[in-house]
Amino acid sequence: MASTSVIDELKKSQILELLEQGKRVDGRTLDEPRKLIIEINAIPKANGSARVRLGDTEVICGVKIQPDRPFPDMGDKGIFICTAELLPFSHPSVETGPPGPDVIELARVVDRGIRESHMIDLTQLVIQKNKSVVGVFADNVVVDYDGNLFDACAYAATAAILTAKTPKWEMKDDVPTLVEGGESHVPTTTIPVSVTMGKIGNYIVVDPNGDEWASMDARITITTDSNGNICALQKGGNGGFTFDEVIKCGELSVKVGSKVREMLKQAKERGQ
Amino acid sequence: MASTSVIDELKKSQILELLEQGKRVDGRTLDEPRKLIIEINAIPKANGSARVRLGDTEVICGVKIQPDRPFPDMGDKGIFICTAELLPFSHPSVETGPPGPDVIELARVVDRGIRESHMIDLTQLVIQKNKSVVGVFADNVVVDYDGNLFDACAYAATAAILTAKTPKWEMKDDVPTLVEGGESHVPTTTIPVSVTMGKIGNYIVVDPNGDEWASMDARITITTDSNGNICALQKGGNGGFTFDEVIKCGELSVKVGSKVREMLKQAKERGQ
Amino acid sequence: MASTSVIDELKKSQILELLEQGKRVDGRTLDEPRKLIIEINAIPKANGSARVRLGDTEVICGVKIQPDRPFPDMGDKGIFICTAELLPFSHPSVETGPPGPDVIELARVVDRGIRESHMIDLTQLVIQKNKSVVGVFADNVVVDYDGNLFDACAYAATAAILTAKTPKWEMKDDVPTLVEGGESHVPTTTIPVSVTMGKIGNYIVVDPNGDEWASMDARITITTDSNGNICALQKGGNGGFTFDEVIKCGELSVKVGSKVREMLKQAKERGQ
Amino acid sequence: MGGRDATLVLLDENGIRCDGRKVDEPRRIMIKAGGLKNADGSAYIEFGDNKILVGVFGPRDVHPKHMSNTDTGILRVRYHMEPFSVTERKNPAPSRREIEISKVIKEALEPAVMLEKFPRTAVDVYIEVLQADGGTRCAALSAASVALADAGIPMRDMVAACAAGKAADTIILDVNNEEDQAGQADMPIGYMPSLEKITLLQLDGVLTPAEYKKCVETGIHGCKIVYELQKKALTDKYFGNGEK
Amino acid sequence: MGGRDATLVLLDENGIRCDGRKVDEPRRIMIKAGGLKNADGSAYIEFGDNKILVGVFGPRDVHPKHMSNTDTGILRVRYHMEPFSVTERKNPAPSRREIEISKVIKEALEPAVMLEKFPRTAVDVYIEVLQADGGTRCAALSAASVALADAGIPMRDMVAACAAGKAADTIILDVNNEEDQAGQADMPIGYMPSLEKITLLQLDGVLTPAEYKKCVETGIHGCKIVYELQKKALTDKYFGNGEK
Amino acid sequence: MGGRDATLVLLDENGIRCDGRKVDEPRRIMIKAGGLKNADGSAYIEFGDNKILVGVFGPRDVHPKHMSNTDTGILRVRYHMEPFSVTERKNPAPSRREIEISKVIKEALEPAVMLEKFPRTAVDVYIEVLQADGGTRCAALSAASVALADAGIPMRDMVAACAAGKAADTIILDVNNEEDQAGQADMPIGYMPSLEKITLLQLDGVLTPAEYKKCVETGIHGCKIVYELQKKALTDKYFGNGEK
């Protein structure tokens, strides 16, 4: 999805021409994300799940919660792992096989956005210190691709975690054992929201769609928390940003993020 | 071994022409398997072993028996694992490297035929419940290829298991420890027999040789147990069977299987 | 680094012509290794390290020492593992990815030279018998290639081990726990020295450089210990040696090895 | 067949199964043609609690070239389970089981697809199991047929699939997860109803020859039920929901 | 950000950090152009206790061919840590972290390298971390720019890199390993000082919008310090040590 | 050399070894040329309790093409142990040990094979160890030579192989598994008896220079014994069993 063709060049000219008039190919303003639909509990057998549509990009996240051994030197904390995979039908160019650098970066950026916000209170996910902790695994699968997987995956994972129920385990004979009726919500402290912006020519656009993604010079993904603070950031693409652009993107991420956060809050309430 | 060439097309016409006269390329009747030779104890250092020739197809199976950890939720049962590998000199087209889908299917079908018959009484292979059990590993290697590896591997594995001796272990200081002089036969309850049939045109032939294998439209492998019941089945190939053909194949598998079972019984007796 | 080109053929003729006059391309005598420079403690954060230049071949070895589980049936011995990797900038022909047979052989020959000399007294590296032992990991990385990696890696690993300090661990609550102030030298008993010789035409040259390596018919690497005994040997290359040549190489390895051993001893003393 | 749960009544005195079904009654089945935006054809199936998405690309070029066939098109099938689709989180790498099922489904579809019309090209069928509940391969095969038709790939017939099996000494249709774990036999069947050909057939578990015959008959009966739902899914998409 | 060590004073009452630096002071930096014998260009950097070697090959042919681009050259970057470079011996196989950093550094260098001058070829940048001490990606990126210049690859500007961050509620320059583990935020920045473009930017940790702005400013300040040392390294190699 | 078993007497007062052999006596050796039906050439060897099958294909086309050499044929050797060939079941994936032995055997055979007669092609030698008992590489190399000859590949000489070693302070011929585990040195030798060239030579364990010389001599003596059996195997196949 990163190769450049003659058609891409034509599209890019057209996109740039419109931007000079303050317009985008799909009629949005520059700081307007696409329509976001969050369906929770799409996979009832998972501990939590969400199906997210961001324009024509679609992602499903399933959360599995199960006992695990803690990481070394982290015996007083639960485990959080977030993955991402492009299903082969999500775009004709997707290949099966081990993930490439693009997908590895995607997964790691989504993971860090959630991790660095301290969204999940991992200190509450200890079954027995140094021996057994609770692992929260948020696996994203991309069903349809139309640009900006970073935000779509982040929203799906966040919604799935916000609505997930964790079973309770206690140690019995050195084995973590399920406690009947001990279900509760995953302990969370904040709602991180990722906002990805593309730079096309000298314009910054929020939530680039597939055509914009193929045309942009650089991108930046900024995650903010419920306090409006910035907690994670990743620049990508083979172009650069000016200082002013980087500051402007920070402001955009707070502004756009607060609107998306409202939708995630509503999803959480539907999951009560 | 699945590619189609002009020569394969010519061979197929010739095979079909003969079948219309009720004959096969190597002179067998349609429901007649090739000559089966079972040599037991071919690898004396293994716990059990057999070298099987089915016509010009040749397979060696070695059984290794050693303590292992039980599968989760299966702490009261021993482990049985059956593998298959085509040695690179078994046919010019064999490639080294990780097994492809053909070989994975072969191993899994042979494994299931033995497993689903409950041939090995896994409940007798427990050293300490939930902690340590006996693992029976039956590894098939194909030495020469001339069609129908399913049956050749199944017979080799079955003969090797029937004649294998298992050491005895007891837990000492939480470690499974060999008990001197505790050797006994692997506990078995039945003798499963796999019978593979190919469909060429509208003819069903038992035990297809290499040329028939390359010409056939579809195949079916049916495993029966000592009671004459059907315990495992796998259809393969890019053609289909009618209902009547499927029933007929079931009957053939019982009939042909009972003859092969006599040969496996004799092999077992030679191993006493 | 093993492919043959027209240029290689020309170089080989030139090298042979010189050898017929008793000379080598870089002016050395036939039994003379290149200038050896051993810098110890190049990686201060490792437990031991050395940077070795053998002519224009350069290798860094870092030794990490950490608790590990013993190998089965070796519960009364520590672990020693030696690896080798060609960094991709060490030569234009090096490819990234899993190691090929050349690099695997390199690592195993260097490992065996040290292991078979019993250089490290592994019996002193036991924390608790059968439970926890000390592992000594000597990882060689080739920084620049100009032939004879065998000796350069062996000298780097030997110097790094000779100057390494091992922490001390004791078992506490079944976990190996660091004992403050318990550092000591890795217990060693001898100084193994590897000497690699190439056969070009009918000439035996010590420490072949890159051009000689590409031209030679066969090679032999012989490791001797501090007593002047031979403790490991590996022939390589697609040519053969006469009996007399093999004996002569043995003698050369003792003679050249004793000089190199003096340099390793000096490196050890610098590390006190 | 796994260990048996002593307390589970697979079939009660009135011939009602543990999930309330009769012996010859399939689980709730919902098939939808289309749905994916980037695939050339697609389908979604809910079969009991199974939830499976299938996307099809093709006919399209084959890379690497040497895998193509100058005489015919090739069919490639990948069956894959999401990490969250099963009780214990699944490792994302393809298991040997998934590789075998991919092959079995491929060989079940090949008799139905007119690959000879597209030499040198490939048709790719990607099956993704979002939620698994026993019988995924039959549900996947049924959805794959619809997705192929949705992609406009010429076909000789649909392949409909359903399992039969044995539990409580009775031949039953459409074995669910509990019946598979605690039952006596499971026989997945793929069937082309118009051409009357069985293109997928497997069996795990012990059957007498008579039960074997009944099991195949029962499975084919189930396939015919699925077949009607496949046709309805395609009709609904291409001719609207008027026809029911 | 990892767990905090209660006894470590990150910033004392005089504004002095745990390693004796002021808040806007980088660690000791030593950059050397050249050094490797087989590479087309190379550089060595010591940045605090980081020790990193970079070698460059190219422009050279691309294998396999289909990875080349007829319109432009391609840049390939591998960031790799030696097994002995970190406290706990590292598995030699590339980790997901190393793959991501390779990509981030590649995209930070691309705006600076005139790849369009070398269609169909590749420039390979190999980064080897001999000893790691926090901030390896910035040190690696700074050294990679020098190695590219040393290889004679035409460039629009150097990319200089340095991290800023937050510890003890204060924005600081060049976060060291202790500050990264116990601190509040780490923001690596790559910057082209002449073109005034930020080409690498990441952030882990929580910052208010005001702190965010100050952090970027602080990081750019650090990049400019590194830039001078990059120029000096190249001058020293090509014009001798006379200029200081 | 592994740990020593205190109770095992490697050499008794009469110079008899633990398996009843004299110091210069090899184990029972049986070599058979041919046997495999699909290979172009093959051989089977029993060497003590070692049981090894070798199959050869070629000269044949090389895939992928870029691995072929326009000036000469190439030899490819795979040494592989069956999972059941050793005491503890072996993982089927090739180990680093197997990769090294494959390379060592390849380089031991290359001086004997007239590869220059078959440019652009490959000769493949596949070695499968069915049962291992110490000294597999020598047994494998000896059988591989016979299999190459059986395939009609032109050769300059046979490569015969046998190990010598040291146990109980004595140089002995053909080290068995117990002697390898408990002994002092093991030196596998591959030798072309007519051309008088050593093409495989390895050593693990400590020898004085004098012992080293004696060890090489002893090994060559063993190779000559093996050489006679190799010739006999080929004669038996091609001229019947009349000659003994």
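Lettering follows sequence order; numbering is per chain, from 1.
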If you count heavy atoms of other groups shown closer than 6.0 angstrom to CZ of Arg156(D), is the number above 12? yes
Side chain, backbone, both or neither: which part of Ala42(A) has an atom under 4.5 Å from a heavy atom of chain D? backbone
Starting from the C-alpha separation in whole Å, work towards a yes-or-no answer on side-chain contact (heavy atoms from CB on, under 4.5 Å) for Phe89(A) and Asp124(D). CA-CA 9 Å; Phe89(A) 49 55; Asp124(D) 286 305; over 6 Å; no
Begin from the C-alpha positions of Leu87(A) and Tyr126(D) and carry the test side-chain contact (heavy atoms from CB on, under 4.5 Å) through to its verdict. CA-CA 8 Å; Leu87(A) 298 184; Tyr126(D) 297 119; over 6 Å; no
Treating Asn38(D) as the side-chain partner and Asp144(A) as the backbone partner, does any N or O pair qualify as donor plus acceptor under 3.5 Å? no
Taking the side chain as every heavy atom from C-beta outward, state whether His80(D) and Pro88(A) have any atom pair closer than 4.5 Å. no
Proximity of residues 50-59 of chain A to chain D, residues having a non-hydrogen atom under 4.5 angstrom: Arg51(A), Asp56(A), Glu58(A)
Distance-only, no hydrogens or angles: does the Gln66(A) side chain make a donor-acceptor pair with backbone N or O of Glu88(D) under 3.5 Å? no
Check: Val86(D) main-chain N/O paired with Lys64(A) side-chain donor or acceptor under 3.5 Å: yes
Going through the distances and angles, do Lys37(D) and Asp146(A) end up as a side-chain contact (heavy atoms from CB on, under 4.5 Å)? CA-CA 9 Å; Lys37(D) 295 183 187 72; Asp146(A) 187 30; over 6 Å; no
Quick one: what part of Val125(D) sits under 4.5 Å from any heavy atom of chain A, side chain, backbone, both or neither? neither
Side chains of Val143(A) and Glu128(D): closer than 4.5 Å at any heavy-atom pair? no
Please walk me through it: do Arg78(D) and Thr96(A) pass side-chain contact (heavy atoms from CB on, under 4.5 Å)? CA-CA 9 Å; Arg78(D) 186 180 97 134; Thr96(A) 58; 3.6 Å; yes
Quick check for you: among Asp40(D), Thr87(D), Asp49(D), which has the greatest number of heavy-atom pairs under 4.5 Å with chain A? Thr87(D)
OG1 of Thr83(A) to CZ of Phe84(D), rounded to nearest 0.5 Å, is 8.5 Å
Is Arg60(D) reaching over with its side chain to a backbone N or O of Pro92(A), donor-acceptor style, under 3.5 angstrom? yes
Crowded around Arg120(D) CZ? As in, over 12 foreign heavy atoms under 6.0 Å? no
Heavy-atom distances under 4.5 Å only: say whether Ser49(A) touches chain D with side chain, backbone, both or neither. neither
Could you check which of Pro98(A), Pro44(A), Ala46(A) has the highest count of heavy-atom pairs closer than 4.5 Å to chain D? Pro44(A)
Return yes if some donor-acceptor pair links the side-chain N/O of Glu82(D) with the main-chain N/O of Val141(A) below 3.5 Å, else return no. no
Counting only non-hydrogen atoms closer than 4.5 Å, does Glu85(A) touch chain D with its backbone (N, CA, C, O), its side chain (CB onward), both, or neither? side chain
Taken in chain and number order and not counting sequence neighbours, the residues that satisfy side chain to side chain donor-acceptor pair (under 3.5 Å) with Ser194(A) are Asp151(A)
Minimum heavy-atom distance Ala132(D)-Lys45(A), with the two atoms named: O-NZ, 3.3 Å
